[in-house]
Amino acid sequence: MDKLFIKLVDSPEDFEGALAVRLRVFVQEQDVPLEEEVDHLDNTAIHAIAIMGDSIIATGRLILDEMPLVHIGRMSVDFEHRRHGVGGRLLEFLEDEAKKCGAATIALHAQEYVKTFYSAHGYEEKGEVFLEANIPHILMYKDT
């Protein structure tokens, strides 16, 4: 496996690559409508990407609108790179960015089938399962 590199999105090309991952994972694979996947929060979010070789293979974003509470979202990893630690490294990178910004708590909407991934990274479930884009989710929190 090639070396994995994670960084903040810092160019239009990086953002296009991040969006391409989200479209593959959410729109094509999970049938999320495009108009729900791409939203106004993309304009102000901090985006991160995971790069392997010459390819962007994963992405996630950090929303700072409710400081000191921040939201991690749009976590997505291309199918062939799942279960190899890419998502965990990307999540830790976003958590570190949240801390640098002064976050006290991180919230996220975890798809129910991956809530154990987030639990393993210290997130706790809050409330009941709800539908987002017709996919069961659970609200999860972690203090920084």
Side-chain angles (χ1 to χ4, degrees), residues 1 4-52 55-144:
M1 176 153 67
L4 183 69
F5 177 65
I6 299 174
K7 70 176 204 119
L8 294 177
V9 165
D10 61 6
S11 71
E13 294 79 19
D14 284 352
F15 182 73
E16 287 174 17
L19 189 56
V21 173
R22 287 171 42 189
L23 296 179
R24 287 191 296 271
V25 172
F26 296 124
V27 176
Q28 294 173 3
E29 184 181 324
Q30 297 182 351
D31 293 322
V32 172
L34 178 62
E35 57 274 7
E36 288 186 48
E37 175 51 33
V38 179
D39 62 21
H40 70 282
L41 296 172
D42 280 329
N43 297 326
T44 57
I46 295 171
H47 298 268
I49 51 175
I51 303 166
M52 188 172 290
S55 301
I56 296 172
I57 62 164
T59 189
R61 72 181 186 185
L62 190 60
I63 307 295
L64 306 175
D65 293 351
E66 300 177 42
M67 288 292 284
L69 172 69
V70 299
H71 296 265
I72 289 178
R74 301 306 199 261
M75 286 280 296
S76 47
V77 178
D78 279 332
F79 183 80
E80 62 272 17
H81 297 286
R82 292 180 198 155
R83 303 200 184 280
H84 297 287
V86 175
R89 295 228 354 241
L90 180 62
L91 181 62
E92 290 167 5
F93 181 90
L94 288 167
E95 290 172 344
D96 287 344
E97 288 301 314
K99 289 175 192 173
K100 289 177 191 176
C101 293
T105 305
I106 301 170
L108 54 82
H109 294 177
Q111 290 187 7
E112 191 175 28
Y113 85 99
V114 291
K115 67 182 181 182
T116 55
F117 164 80
Y118 292 107
S119 293
H121 287 273
Y123 288 81
E124 296 181 9
E125 296 179 38
K126 301 287 183 187
E128 300 296 320
V129 172
F130 60 94
L131 287 180
E132 187 171 289
N134 285 326
I135 300 170
H137 284 73
I138 187 80
L139 179 62
M140 301 184 83
Y141 286 95
K142 178 180 181 177
D143 291 330
T144 59

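All residue numbers in this chain count up from 1 along the given sequence. Atoms considered below: every heavy atom in the structure, side chains included; atoms not considered: hydrogens, waters and symmetry mates. Remember, predicted model here, so these are calculated numbers, not experimental data.
- Interatomic distance, OG of Ser119 versus CD of Glu125, reported as 5.5 Å (0.5 Å rounding).
- A pairwise comparison of heavy atoms in Val86 and Ala50 identifies CG1-CB, 4.1 Å as the closest pair.
- Around CG of Asn134, the count of heavy atoms belonging to other residues, nucleotides or ligands within 6.0 Å does not exceed 12.
- Atom CG in Leu19 sits 10.0 Å away from atom CZ in Arg24 (nearest 0.5 Å).
- Between Leu108 and Met75, the closest side-chain pair of non-hydrogen atoms is not below 4.5 Å.
- Heavy atoms only, all atoms of each residue included: Val77 and Ala58 are closest at CG2-CB, 3.8 Å.
- Within the 4.5 Å cutoff, the side chain of Ile49 has heavy atoms near those of the Lys7 side chain.
- The closest donor-acceptor contact from the side chain of Thr105 to the backbone of Lys142 lies at 3.5 Å or more, if one exists at all.
- Closest approach of Ala98 and Ile106 over heavy atoms only: CB-CD1, 4.0 Å.
- Side-chain contact between Val25 and Asp78 is present, with at least one heavy-atom pair separated by less than 4.5 Å.
- Side chains of Leu139 and His109 form a contact here, defined as non-hydrogen atoms less than 4.5 Å apart.
- Counting only distance, with no hydrogens or angles, the side chain of Arg22 and the backbone of Ser76 share no donor-acceptor pair below 3.5 Å.
- Atoms CD and CG, on Glu29 and Leu23 in that order, are 12.5 Å from each other to the nearest 0.5 Å.
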Before giving the answer on side-chain contact (heavy atoms from CB on, under 4.5 Å), spell out for Phe26 and Gln111 the whole-Å C-alpha distance, their side-chain angles and the decisive distance to 0.1 Å. CA-CA 11 Å; Phe26 296 124; Gln111 290 187 7; 3.7 Å; yes

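- The side-chain heavy atoms of Ile138 and Tyr118, taken from C-beta on, include no pair separated by under 4.5 Å.
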Verdict with supporting geometry, Asp65 and Leu41, side-chain contact (heavy atoms from CB on, under 4.5 Å): CA-CA 9 Å; Asp65 293 351; Leu41 296 172; 3.6 Å; yes

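- Using a 4.0 Å cut-off between charged nitrogen and carboxylate oxygen, Arg74 and Asp42 do not count as a salt-bridge pair.
- The shortest distance between side-chain heavy atoms of Glu132 and Glu36 does not fall below 4.5 Å.
- To the nearest 0.5 angstrom, Gln30 atom CD is 9.0 Å from Glu37 atom CD.
- With contacts defined as side-chain heavy-atom distances shorter than 4.5 Å, the pair Ile72/Glu95 qualifies.
- Residue Leu64 comes nearest to Cys101 through the heavy atom pair CD1-SG, 4.0 Å, listed as atom of the first residue, atom of the second, then distance.
- Ion pairing between a basic and an acidic side chain is recognised when a charged N comes within 4.0 Å of a carboxylate O; Lys100 and Glu97 show such pairing.
- Few gaps surround CD on Glu80; more than 12 heavy atoms of other groups in view lie less than 6.0 Å from it.
- Taking NE2 of His47 as the reference point, atom CD1 of Ile63 lies at 6.5 Å (rounded to 0.5 Å).
- Heavy-atom minimum distance, Pro68 versus Gly102: CB-O, 4.0 Å.
- A donor-acceptor pair under 3.5 Å is absent between the side-chain atoms of Thr144 and the main chain of Lys99, judged by distance alone.
- Ile56 approaches Gly17 most closely through the heavy-atom pair CD1-CA, 3.6 Å.
- Rounded to the nearest 0.5 Å, atoms OH (Tyr141) and CG (Leu69) are 6.0 Å apart.
- Under the 30°/60° scheme for interplanar angles, the aromatic rings of His137 and Phe130 are found to lie parallel.
- Within the 4.5 Å cutoff, the side chain of Ile57 has heavy atoms near those of the Leu4 side chain.
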